[in-house]
Amino acid sequence: MDKAGLLELYRQMQLIRVFENKSAEMYGKAKIGGFLHLDNGQEAVCVGAVSALNPDDDLVTNYRDHGYALARGISARAVMAELFGRKDGTTGGRGGSMHIADVSKRFWGGYAIVGAHLPLAAGLAYAAKYQKTGRITMCMMGDGSTNIGTFHATLNWAQLWKLPIIFLVVNNMYSMGTPLSVHSSVTDIYKKADGYGMRGMQVDGNDVMAMREAVCDVAAWVRAGNGPVLLEAITYRHSGHSAVDKNTPRPADEVAEWKSRDPIVQFTEDVLFNHNHASPADLAEIDKKIEVEIEDSVQFADASPMPDRSTLYRHMYHSPVPNMHIDGSLIKPPTLYKK
Ligand SMILES: Cc1ncc(C[n+]2csc(CCOP(=O)(O)OP(=O)(O)O)c2C)c(N)n1
Ligand SMILES: [Mg+2]
């Protein structure tokens, strides 16, 4: 990878970090409602993984989705506006933090129900195989998701049908506040692939280069028609489970140890500085632009209007109440299935 490519990896990780810090601040100011799950500490997984995909590959995530959206090139403005619940957000303010999606970028979301997105991702992979598009699907999930029924049902079918899909498990060793060893009978999660005759692989999720290399490797393998892969990335989230659950109980020395292995600091020191790819001045320049971009995203989100109330029941199969009026106008049933 050349200098420009390496600096782009740094820029994306730093963009995610600053975005997440800002969104936590905005949550504290009640500019953001509902849930907010941050990616601090896990930036190398998002950036390493997404950078190794083709731009038209399908990407599906759980609710911890901001980092993947930004890595996919969705603007900080659109993501922040979605967190603010505003009209210019990625889904017009309807989804919020857990449901970022942009179909034009084949970023399908953003799912709040643990494990429920796996069969949907398998459907995308099946479509790609059936239509021979050459696309692959990446489906990201947490370690806690690997115990749920849909995980096992989806892996079984994906392997049986040799679907072109990468199941990326972000193992941050906690499911909310429950440690991995308390919630999973197998703690090397990549070994769960064995139960389905699937290829499994483990990677250091705090090393963006290793992450990228692993996804390049498995993506090529999947794209060649060899069937799915279960890729486990070991990492750690710096903050609690969510903004309303900031103090997930974890041993202080464990948190401190992982923070000392910060993926952005590691990449900066071990790769960028040690190999003379970049100077502190290069990074300062990038950081300055990111600060401006994130400040701008907040101004943009704050200035964006609330969604129009009369559109409340759009994108639904039926108006929940017959002859419903909002602001004096009759809310007509959606036309989708109207005879
Ligand atoms: C079916 C279902 N059960 C429970 C929940 C509540 N819940 C939300 S996140 C979460 C933990 C998931 O942990 P993990 O998959 O490890 O992801 P992480 O948050 O660590 O990224 C739980 C239990 C849910 N959203 N859906
Ligand atoms: Mg987890």
Side-chain angles (χ1 to χ4, degrees), residues 16-17 19-20 23-24 27 33-50 59-71 83 95-101 109-122 138-155 166-193 202-206 211 230-251 254-255 258-259 261 263:
I16 296 169
R17 176 71 57 92
F19 182 95
E20 295 295 54
S23 59
Y27 196 87
F35 287 94
L36 187 80
H37 305 84
L38 304 179
D39 255 318
N40 298 56
Q42 304 186 168
E43 297 88 348
V45 183
C46 309
V47 172
V50 177
L59 182 56
V60 188
T61 70
N62 71 5
Y63 46 84
R64 204 178 292 283
D65 54 357
H66 314 164
Y68 296 87
L70 294 170
L83 303 192
S97 163
M98 300 200 286
H99 307 102
I100 309 291
Y111 287 88
I113 304 303
V114 170
H117 59 304
L118 272 73
L120 304 179
M138 172 173 276
C139 177
M140 165 271 178
M141 74 201 83
D143 47 291
S145 324
T146 67
N147 305 318
I148 212 155
T150 48
F151 172 84
H152 300 281
T154 306
L155 262 68
I166 301 169
F167 296 103
L168 171 63
V169 179
V170 182
N171 181 4
N172 56 23
M173 287 167 285
Y174 285 87
S175 173
M176 296 189 90
T178 310
L180 178 63
S181 58
V182 177
H183 75 65
S184 182
S185 60
V186 172
T187 50
D188 277 325
I189 289 176
Y190 74 99
K191 290 184 182 165
K192 294 191 181 187
Q202 197 177 47
V203 59
D204 177 358
N206 273 29
M211 194 63 222
L230 177 64
L231 178 64
E232 174 192 9
I234 311 281
T235 186
Y236 202 80
R237 53 175 152 72
H238 286 177
S239 41
H241 172 71
S242 76
V244 292
D245 178 15
K246 278 193 275 200
N247 299 313
T248 300
R250 296 179 299 185
E254 179 187 286
V255 178
W258 276 96
K259 283 194 175 173
R261 292 159 62 188

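Both counts, for ligands and for their atoms, begin at 1 and track the order of listing.
In summary, the atoms of ligand 1 found under 4.0 Å from a heavy atom of G142, numbered by their order in the structure, are 14 (P), 15 (O), 16 (O), 17 (O). Under a 4.0 Å criterion applied to the non-hydrogen atoms of N172, ligand 1 contributes the atoms 18 (P), 20 (O), 21 (O).
Of the protein's heavy atoms, G144 N, 3.4 Å lies nearest to atom 14 (P) of ligand 1. Closest to atom 15 (O) of ligand 1, if we only count protein heavy atoms, is S145 OG, 3.0 Å. Atom 12 (C) of ligand 1 has its closest protein heavy atom at Y63 OH, 3.1 Å. Remark: minimum distance from atom 22 (C) of ligand 1 to any protein heavy atom is reached at M176 SD, 3.5 Å. For atom 5 (C) of ligand 1, the closest non-hydrogen atom of the protein is V114 CG2, 4.0 Å. Atom 13 (O) of ligand 1 has S175 OG, 3.3 Å as its closest protein atom, hydrogens excluded (heavy atom only).
Residue pairs satisfying the salt bridge (Lys or Arg N to Asp or Glu O under 4.0 Å) criterion with at least one member in residues 34-45, sequence neighbours excluded, are listed as follows: R17-E43. For residues 167-178, no residue pair satisfies the salt bridge (Lys or Arg N to Asp or Glu O under 4.0 Å) rule, not counting sequence neighbours.
With a 4.5 Å cut-off on side-chain heavy atoms, R64 and M141 do not count as touching.
A side-chain donor-acceptor contact under 3.5 Å links E232 and N171. With 3.5 Å as the limit, one finds a donor-acceptor pair spanning the side chains of K192 and N147. Side chains of N206 and T235: a donor-acceptor N/O pair is present below 3.5 angstrom, by distance only.
When only interatomic distances are considered, the shortest N/O to N/O separation between A112 and ligand 1 falls below 3.5 Å. Not one N or O of I113 is nearer than 3.5 Å to an N or O of ligand 1, by distance alone.
Residues meeting the ring pair (Phe, Tyr, Trp, His ring centres under 6.0 Å) test with Y27, sequence neighbours left out: none.
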For this session: Could you walk me through whether R250 and W258 pass side chain to side chain contact (heavy atoms under 4.5 Å, CB included), step by step?
Result: CA-CA 12 Å; R250 296 179 299 185; W258 276 96; over 6 Å; no
Exercise. Taking it one step at a time, do F19 and L38 satisfy side chain to side chain contact (heavy atoms under 4.5 Å, CB included)?
Worked result: CA-CA 9 Å; F19 182 95; L38 304 179; over 6 Å; no
Problem set entry | Verdict with supporting geometry, V60 and Y111, side chain to side chain contact (heavy atoms under 4.5 Å, CB included) | CA-CA 8 Å; V60 188; Y111 287 88; 3.9 Å; yes
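When heavy-atom distances to ligand 1 are checked against a 4.0 Å cut-off, R64 comes that close only through its side chain, counted from C-beta outward. Contacts with ligand 1 closer than 4.0 Å are made by heavy atoms of both the backbone and the side chain of D143.
Between the side chain of H238 and the backbone N or O of Q42 there is no donor-acceptor pair closer than 3.5 Å. Judged purely by atom type and a 3.5 angstrom limit, S242 has no side-chain atom pairing as donor or acceptor with the backbone of H37.
Each protein N, O or S atom less than 2.8 Å from the Mg ion (ligand 2) was counted, giving 3.
At least one heavy atom of H241 sits closer than 4.0 Å to an atom of ligand 1.
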